[in-house]
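Counting from 1, the numbers follow the sequence of the chain as shown. Order of appearance sets the numbers: ligands from 1, and atoms from 1 within every ligand. Here the structure is a predicted model, which is why all the values come from computation and not from measurement.
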Amino acid sequence: MFERVARLLASSGSTIAFTGAGISAESGIPTFRGKDGLWKNYKAEELATPEAFGRNPKLVWDFYRWRMGLILKARPNPAHYALAELERLGILTAVITQNVDDLHREAGSKNVIELHGNIFQVRCSSCPYREDLKESGRLEEFLSMKGLPKCPECGSLLRPDVVWFGEALPRDALERAFGLAEKADIVLVIGTSGAVYPAAYIPYIVNERGGRVIEVNVERSGITPIADVFIRGKAGEVLPHIVELVREVVR
Ligand code: BV8
Ligand code: ZN
């Protein structure tokens, strides 16, 4: 099976990867729907919403500051590096991710499409002000801040620049992702339950256009029914193995 996948990848005209929280699980970041996924006694769906932020901005900021702290301590794992290597080998065109943890870029992937935003970016809840906390150097200040962050332009509340439930995805990211899916002859689906839309349409678009869906997950997911190949295993173990074999084939 692994050899077959390596040959398919090596001969593919355009392969994309579609990743979810599972690819970062081995970096120590809890997934959303796994047993370790719950944050204290809340579910992300209840916190990652504009309503929750309107009702209790402090609780939502506590949730995001907790996750920022976790993610800052996390390092990319071999799965992230394997995808960056596939891009360097000229096999992977882009990584389309639902994750907000920035680990694909940290691992060296260049063409990364973040469908749900990035946890280290903030924006104003009323004016167009945006800030990348890593670039502005204000990350530590944000993490240790007791009160609520205010916009330096207009004084309104700042919010994480991520897509909450009920919010539209960034149009340019979604259009680029759907455009790539329409042209892809392989989509590598890594570590996603396939529960969240419209992101989860990506593998379906590739499948409907006759492309192949190759899934890596520790258990079956909402995508498995349309997967041509399903590899049950941890992304951090399976992907480096596949890249090893691809290097043999393209040598
Ligand atoms: C919208 C950012 C409308 C925040 C997140 C149909 C069409 C359109 C919308 C909907 C629809 N049906 C329902 C909706 C509403 C909703 C939705 O999909 N709800 C679901 C829960 C039913 N969708 C929305 O609200 C979206 N917005 O549609 O707005 C609209 C349109 C126009 C104009 C106005 C409004 C917005 C959705 C985005 C929400 N934001 N995140 C943050 O991160 O804080 S979603 C959140 O879930 C994360 O991004 C996460 O990545 C994503 C999906 O979860 P997964 O990544 O798959 O993670 P999960 O834990 O579920 O699974 C992990 C998997 O990994 C598991 O399968 C596990 O087995 C596996 N795994 C674990 N360890 C490993 C592993 N695999 C490999 N190796 C391992 N080691
Ligand atoms: Zn503002």
As a check for students: among Gly22, Gly194, Ala199, identify the option with a heavy atom nearest to atom 74 (C) of ligand 1.
Gly22
Select the closest option to atom 28 (O) of ligand 1 among Gly236, Ala235, Pro198, judged by heavy-atom distance.
Pro198
Of Ala168, Ser193, Ala48, Ser24, the one whose closest heavy atom lies nearest atom 30 (C) of ligand 1 is Ala168
I want to know if ligand 1 touches Ser221 in the polar sense, i.e. an N/O pair below 3.5 angstrom.
no
Can you get from Val189 to Ile91 by hopping between Ile, Leu, Val, Met, Phe, Trp and Tyr side chains that sit under 4.5 Å apart?
no
Numbered in order shown, the ligand 1 atoms found under 4.0 Å of a heavy atom of Glu26 are 78 (N), 79 (C), 80 (N)
Numbered atoms of ligand 1 (with element) below 4.0 Å of Gly20, judged on heavy atoms
56 (O)
Test of proximity, Glu167 against ligand 1: N or O pairs below 3.5 Å
yes
Single-linkage hydrophobic cluster Val213~Ile190, side-chain heavy atoms < 4.5 angstrom
no
Ligand 1 versus Ala25: contacting region, heavy-atom distance under 4.0 Å:
side chain
Answer with yes or no whether Phe63 contacts ligand 1, where contact means a heavy atom under 4.0 Å from a ligand atom.
no
If the plane angle is over 60° it's perpendicular, under 30° parallel, otherwise tilted; pick one for His241 and Phe2.
tilted
Check ligand 1 against Asn99 and write out every atom of the ligand that is under 4.0 Å from a heavy-atom position of the residue.
51 (O)
When you compare ligand 1 with Lys234, is there at least one nitrogen or oxygen pair between them that comes in under 3.5 angstrom?
no
How far does CG of Asn77 sit from CD1 of Ile29, to the nearest 0.5 angstrom?
9.0 Å
Is the shortest N/O to N/O distance between Ala21 and ligand 1 below 3.5 Å?
yes
Salt bridge check: are Asp102 and Lys134 linked by an N-O gap of less than 4.0 Å?
yes
Distance col, row Glu87:CD vs Lys110:NZ, nearest 0.5 angstrom, shows 7.0 Å
So Arg247 and Leu89, do their side chains get closer than 4.5 Å, heavy atoms only?
yes
Report the member of Phe18, Trp164, Phe165 with the shortest heavy-atom distance to atom 19 (N) of ligand 1.
Phe165
Could you tell me the separation between the CZ atom of Phe18 and the CD1 atom of Ile223, rounded to the nearest 0.5 Å?
6.0 Å
Leu72, Met68: one ILVMFWY side-chain cluster at the under-4.5 Å cut-off?
yes
Please classify the Ala195 to ligand 1 contact at 4.0 Å (heavy-atom distances, strictly less than): side chain, backbone, both or neither.
backbone
Looking only at N/O atoms, are Asn217 and ligand 1 under 3.5 Å apart anywhere?
yes
Quick check on contacts: which atoms of ligand 1 are under 4.0 angstrom from a heavy atom of Val100?
43 (O)
Over 60° means perpendicular and under 30° means parallel, so tell me whether His104 and His80 are parallel, tilted or perpendicular.
perpendicular
Near Glu219, which atoms of ligand 1 are under 4.0 Å from a heavy atom of that residue?
69 (O)
Option nearest atom 64 (C) of ligand 1 (shortest heavy-atom distance, choices Gly117, Gly222, Gly191)
Gly191
Checking contacts here: is it the side chain or the backbone of Arg67 that comes within 4.0 Å of ligand 1, counting heavy atoms only? Could be both or neither.
side chain
Heavy-atom proximity to atom 4 (C) of ligand 1 ranks first, among Val163, Thr19, Leu174, for Val163
When you compare the side chains of Ser27 and Ser24, does any donor N or O come within less than 3.5 Å of an acceptor on the partner?
no
Angle subtended at the Zn ion (ligand 2) by Cys127 SG and Cys151 SG, rounded to 10 degrees:
110°
Note: Thr192, heavy atoms under 4.0 Å from ligand 1, region reported as both
Inspect the contact between Asp161 and Arg130 and indicate whether a charged nitrogen and a carboxylate oxygen are less than 4.0 angstrom apart.
yes
Which of the atoms in ligand 1, numbered in the order shown and given with their element, are less than 4.0 Å from a heavy-atom of Thr31?
60 (O)
Taking it one step at a time, do Val243 and Tyr81 satisfy side-chain contact (heavy atoms from CB on, under 4.5 Å)?
CA-CA 10 Å; Val243 172; Tyr81 289 114; over 6 Å; no
Would Arg159 pass as a cation-pi partner of Trp61, given that its NZ or CZ must be under 6.0 Å from the six-membered ring centre and within 45 degrees of the axis?
no
Below 3.5 angstrom, do we get any N/O pair linking Gly166 and ligand 1?
yes
Atom indices of ligand 1, in the order listed, that fall short of 4.0 Å to a heavy atom of Tyr64:
4 (C), 42 (C), 44 (O)
Does a salt bridge link Glu215 with Arg220, judged by any charged N lying under 4.0 Å from a carboxylate O?
no
Any idea which part of Gln98 is under 4.0 Å from ligand 1, heavy-atom wise: side chain, backbone, both or neither?
both
Donor on one side chain, acceptor on other, Ser136 and Glu131, under 3.5 Å
yes
Val216 to ligand 1: N or O pair under 3.5 Å?
no
Counting both backbone and side chain atoms, is some N or O of Phe32 under 3.5 Å from an N or O of ligand 1?
yes
